[in-house]
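Lettering of chains follows the sequences in order, A, B, ..., and the numbering in each one begins at 1. Here the structure is a predicted model, which is why all the values come from computation and not from measurement.
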Number of protein chains: 4
Amino acid sequence: MGVIDSGGAAKSASGKMQGEKPGIILDAALELFRQYGYRRTSMEDIAGAANVAKGTLYIYFKSKDELFEALARRLAEQVGLNVREVLARDLPFEDKVLAVLDAKIGFAFRLVLSSPHAAELTAPTSQLPDDVFGPVDQELRASLAGLFRDAVKRGDVDLKAAGLTPEGAVDTLLAAAHGAEFGAKSEDDFHDRLTRIGRLTLRGLRADL
Amino acid sequence: MGVIDSGGAAKSASGKMQGEKPGIILDAALELFRQYGYRRTSMEDIAGAANVAKGTLYIYFKSKDELFEALARRLAEQVGLNVREVLARDLPFEDKVLAVLDAKIGFAFRLVLSSPHAAELTAPTSQLPDDVFGPVDQELRASLAGLFRDAVKRGDVDLKAAGLTPEGAVDTLLAAAHGAEFGAKSEDDFHDRLTRIGRLTLRGLRADL
Amino acid sequence: MGVIDSGGAAKSASGKMQGEKPGIILDAALELFRQYGYRRTSMEDIAGAANVAKGTLYIYFKSKDELFEALARRLAEQVGLNVREVLARDLPFEDKVLAVLDAKIGFAFRLVLSSPHAAELTAPTSQLPDDVFGPVDQELRASLAGLFRDAVKRGDVDLKAAGLTPEGAVDTLLAAAHGAEFGAKSEDDFHDRLTRIGRLTLRGLRADL
Amino acid sequence: MGVIDSGGAAKSASGKMQGEKPGIILDAALELFRQYGYRRTSMEDIAGAANVAKGTLYIYFKSKDELFEALARRLAEQVGLNVREVLARDLPFEDKVLAVLDAKIGFAFRLVLSSPHAAELTAPTSQLPDDVFGPVDQELRASLAGLFRDAVKRGDVDLKAAGLTPEGAVDTLLAAAHGAEFGAKSEDDFHDRLTRIGRLTLRGLRADL
DNA sequence: CATGAATGAGACTTCATTCAT
DNA sequence: TATGAATGAAGTCTCATTCAT
């Protein structure tokens with residue numbers, strides 16, 4: 001039912017598994033947050049959807065905000081895995097860059113941003129601590145910068161003409177790519193935008209023009 | 001105090017002015033929403049900041065959500081004025097496009113998006129009615145498309161090479177430009193990003209490469 | 001529009017008449033109280049229906065409760081007039097008694113009790129001062145007792161057999177008659193009940209049985 | 001403290017008893033409603049009187065109106081029990097009829113109608129759903145009609161002379177009896193009226209006159 | 001670990017009443 | 001007199017969190 005499952009822990013004969021409760025709770029929470037938004041989803045709702053008592057939520061998560069943070073953390077982990085998997089693939093430069101963008105931004109879009117309550121879910125209370133998405137982001141940026149460096153060496157890309165360092169190019173590309181989320185009506189719509197933005201940006205960096 | 005004043009109605013000697021209350025209230029609300037977010041700002045807080053009684057808020061706005069909508073509507077109006085003003089200026093193509101982007105996205109950034117609670121402020125309850133920002137957006141897109149058509153005629157821009165229509169180019173450009181908001185730490189940071197994204201995108205559309 | 005008009009003060013050429021405002025306000029209030037009940041009718045509503053400003057209500061009535069009391073007082077006056085008019089008619093005993101009951105209880109029913117909010121209108125805040133309906137009631141009771149005395153003299157009625165004084169008979173008759181209000185679905189229904197109750201009660205007092 | 005206790009569940013040593021809370025709350029509410037009326041009694045007041053927190057009220061009753069309805073429903077149940085108990089007794093016709101009237105109307109009077117705020121308590125917001133008192137009322141009417149039929153068979157009562165069916169007689173009797181509530185100053189006063197009205201009405205139906 | 005009844009601060013909203021114009 | 005903007009006490013209801021079992 002959810003966009004993504006909780007990780008597929010094997011179940012014992014009794015159907016229960018020590019330690020799977022938090023995952024079940026987070027699955028239920030994500031589902032409800034996507035449907036009703038953060039504010040309109042009560043702890044009671046989450047408990048109900050996860051088939052546990054309200055008090056149980058507080059055994060695993062100190063507060064509603066912390067539950068949300070755990071959700072974000074899990075998402076960040078999944079994004080990290082995705083990105084690493086794509087980077088390991090053998091793909092042409094442009095395809096790989098686009099695939100990486102999709103692995104990060106597209107994944108997040110499908111899980112969270114496609115919800116009508118995306119805005120609220122980006123961070124219900126002020127900002128999420130940087131250590132949630134920061135590490136994944138740094139890793140991603142470093143990898144993309146490496147791809148750009150290789151492309152420059154190969155002569156496919158000319159950053160000098162655009163007056164950018166590899167890191168600057170990555171930063172600009174990522175920022176632009178994030179713009180794909182705005183006003184995307186569906187996943188396909190989002191994907192089209194992301195591709196167009198990525199292509200157009202990369203085109204501005206091409207050496208062969 | 002606010003990022004922008006409420007319209008600058010001249011005050012009479014008594015310090016009162018017919019019809020200025022809603023503006024004062026919205027100013028106070030914007031200030032607080034930016035500081036504490038929508039949820040954490042109570043109607044009581046707004047009333048206090050606007051130096052009126054709680055009940056007074058309900059004379060001008062039916063509910064908290066409607067107050068927020070009025071705020072958004074006022075912002076949209078201001079954006080519309082800004083954009084029109086920029087379009088009327090005599091500027092080179094690229095400068096004008098960048099100026100238009102700044103007039104829209106930059107203005108919104110300064111007023112709302114630079115807040116740590118930007119996400120929540122985009123739309124506290126699900127989505128704002130399309131009629132708030134829709135008209136301004138349409139107008140903006142049509143104007144930009146016109147600029148692109150002129151540039152194509154002059155031979156400055158080659159959309160065919162990028163496989164885009166003027167509207168498609170505008171859509172992609174705007175989407176990419178919106179990405180500047182992500183992770184911008186300051187207004188200058190934001191402006192840099194916006195410029196870099198705009199330049200790089202336009203570079204991908206140049207005919208002279 | 002109302003069940004009863006405010007007294008039919010002649011209007012001057014300008015359509016206004018000094019001193020008619022209170023009547024207009026009470027008319028509007030009665031109409032609204034009947035429709036929405038006392039609590040659900042705000043002073044604002046009354047002012048609007050009477051085409052005056054809210055503040056104007058407080059010129060004529062100190063408070064909402066006092067406005068209600070004035071309404072009750074006016075109704076009591078009208079009931080008094082009605083009853084006196086019926087008493088002055090030349091009618092057979094039973095017909096006259098029934099007519100008197102209708103003049104009092106029926107009149108009130110049409111004005112107030114037929115409303116779905118009758119319960120609330122009987123006295124929105126605790127009890128109305130006795131001096132509102134008390135005098136009318138005393139007058140009515142005295143008159144009815146007189147009618148009974150005459151009937152006893154004529155030999156039409158035998159109170160001794162029922163063990164009642166004229167006043168006791170009147171009291172019982174009036175109490176029973178008030179029961180007609182309970183669960184009456186329409187004015188006709190109410191009138192039928194009132195008649196049946198009156199007839200049956202009087203039948204129990206007849207000398208000729 | 002209350003006019004009637006909540007059902008008298010035995011308390012365990014700890015003073016707690018599963019499921020007794022709603023009863024305690026209703027007891028407290030009835031007490032306050034009788035003293036101050038529905039409007040003037042706040043949920044906070046009820047909570048205080050029941051020694052629970054405000055939120056607890058909402059665990060058992062969705063809203064203030066629903067709490068009131070539950071109160072009415074409980075009263076209706078008690079009336080039903082009372083009436084059935086009286087009907088089961090072996091009593092002469094007139095005594096039984098009077099006892100039934102007292103079991104219904106008298107009981108309600110003692111619980112609610114004797115309050116100075118009785119009017120408001122009959123139904124704070126428009127009308128209570130018919131299914132609250134309707135069933136009890138139907139049962140009562142059917143039983144009384146049966147009593148009348150038996151009395152007619154025995155020759156004690158002559159409905160034909162009064163032009164009434166058993167149901168019509170019951171309807172008229174009940175309506176008249178309800179009139180006893182009006183202006184009753186005390187329970188004794190009320191009881192006297194009820195008896196006089198009942199006697200007089202039944203007298204009008206006697207066959208032996 | 002698990003439960004869910006209980007809590008109570010806090011939010012939004014209404015509206016009778018006042019008062020400067 | 002008349003107005004209606006402004007007030008603020010009071011009310012209903014929600015819900016994150018706690019804790020005895």
Side-chain angles (χ1 to χ4, degrees), chain A residues 16 18-19 21 38-48 50-67 125, chain B residues 14 16 18-19 21-22 25 38-48 50-67, chain C residues 16 18-19 21 38-48 50-67 125, chain D residues 14 16 18-22 25 39-48 50-67:
Chain A
K16 293 212 175 181
Q18 187 178 336
K21 276 261 175 73
Y38 182 81
R39 283 188 301 151
R40 298 264 233 258
T41 299
S42 68
M43 291 299 264
E44 182 117 36
D45 293 337
I46 297 172
N51 271 105
V52 298
K54 226 187 318 181
T56 305
L57 303 185
Y58 288 86
I59 294 173
Y60 298 104
F61 309 99
K62 263 194 220 159
S63 69
K64 191 185 182 185
D65 279 356
E66 222 164 84
L67 189 157
T125 333
Chain B
S14 73
K16 295 216 175 179
Q18 186 178 334
K21 274 270 168 64
I25 292 169
Y38 181 81
R39 281 189 306 148
R40 299 268 231 253
T41 300
S42 71
M43 292 298 264
E44 184 115 37
D45 293 338
I46 298 172
N51 271 106
V52 297
K54 224 182 328 175
T56 305
L57 303 185
Y58 289 88
I59 294 175
Y60 298 103
F61 309 100
K62 265 192 223 155
S63 68
K64 192 184 183 185
D65 278 357
E66 224 164 81
L67 189 156
Chain C
K16 294 213 173 178
Q18 187 179 335
K21 276 260 175 72
Y38 182 81
R39 282 188 303 151
R40 298 264 233 256
T41 299
S42 69
M43 291 300 264
E44 182 117 37
D45 292 338
I46 297 171
N51 272 105
V52 298
K54 227 187 315 183
T56 305
L57 303 184
Y58 288 86
I59 294 172
Y60 297 103
F61 308 99
K62 264 194 219 159
S63 68
K64 192 184 183 186
D65 279 356
E66 222 163 83
L67 189 156
T125 331
Chain D
S14 72
K16 294 217 173 177
Q18 187 179 333
E20 71 177 358
K21 274 270 167 66
I25 292 169
R39 281 190 306 148
R40 297 269 230 255
T41 300
S42 70
M43 291 299 264
E44 185 114 38
D45 293 339
I46 297 172
N51 269 106
V52 296
K54 222 185 329 175
T56 304
L57 304 184
Y58 290 88
I59 293 175
Y60 298 103
F61 309 100
K62 265 194 222 153
S63 67
K64 191 184 184 186
D65 277 357
E66 224 165 80
L67 189 156

- prompt: What are the two closest heavy atoms between C:Met43 and C:Leu67, and how far apart are they?
  reply: CE-CD1, 4.3 Å
- line: Nearest heavy-atom contact between C:Thr41 and C:Lys64 is O-NZ, 2.7 Å
Indicate every side-chain donor-acceptor pair of residues 50-59 of chain A with a distance under 3.5 Å to a residue at least two apart or in another chain.
unit_1	atom_1	unit_2	atom_2	d
A:Lys54	NZ	A:Glu44	OE1	3.2
A:Thr56	OG1	A:Ala53	O	3.4

Which pairs, protein N/O on one side and nucleotides 9-11 of chain F N/O on the other, fall under 3.5 Å?
unit_1	atom_1	unit_2	atom_2	d
F:dA10	N6	B:Lys54	NZ	3.1

In this structure, how many angstroms lie between the [atom2] atom of [N] and the [atom1] atom of [X], rounded?
X       : N      : atom1 : atom2 : answer
B:Tyr58 : E:dA11 : OH    : P     : 11 Å
C:Leu67 : E:dC15 : CG    : C1'   : 15 Å
D:Ile46 : F:dT12 : CD1   : P     : 8 Å
B:Tyr38 : E:dA11 : OH    : C1'   : 11 Å
B:Ile59 : F:dT3  : CD1   : P     : 17 Å
C:Phe61 : F:dA2  : CZ    : C1'   : 15 Å
A:Leu57 : E:dA2  : CG    : P     : 11 Å

query: Does B:Ser63 have any side-chain hydrogen bond (donor to acceptor under 3.5 Å, both in side chains) partners at least two apart in sequence or in another chain, and if so, which?
result: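 B:Ser63: no side-chain hydrogen bond (donor to acceptor under 3.5 Å, both in side chains) contacts found.
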Return the [atom1] to [atom2] distance between [X] and [Y], rounded to the nearest 0.5 Å.
X       : Y       : atom1 : atom2 : result
C:Tyr38 : C:Asp65 : OH    : CG    : 3.5 Å
A:Tyr60 : A:Lys21 : OH    : NZ    : 5.0 Å
D:Ile25 : D:Ile46 : CD1   : CD1   : 9.0 Å

task: Kindly say if A:Thr56 contacts the phosphate of E:dT3, meaning a side-chain N or O under 4.0 Å from OP1 or OP2.
output: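 For E:dT3, OP1/OP2 do have a side-chain N/O of A:Thr56 under 4.0 Å.
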message: Give the dot-bracket line for DNA chain E from 5' end to 3' end: parentheses for intra-strand Watson-Crick or G-U pairs under 3.5 Å, square brackets for crossings, | for inter-strand pairing, dots for unpaired.
response: .||||||||||||||||||||
task: Between E:dC1 and F:dT21, how far apart are the P atoms? Round to whole Å, please.
output: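 Per the computed distance, 22 Å lies between those P atoms.
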task: Let me know, please, whether A:Asn51 or D:Ala53 comes out on the 5' side of the other along DNA chain E by nearest nucleotide.
output: A:Asn51
- prompt: For DNA chain E, whose closest nucleotide is more 5', that of A:Glu44 or that of B:Lys62?
  reply: A:Glu44
query: What's the closest nucleotide to the C:Val52 side chain, out of F:dT3, F:dT14, E:dT14?
result: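 For C:Val52, the side-chain atoms sit closest to F:dT3.
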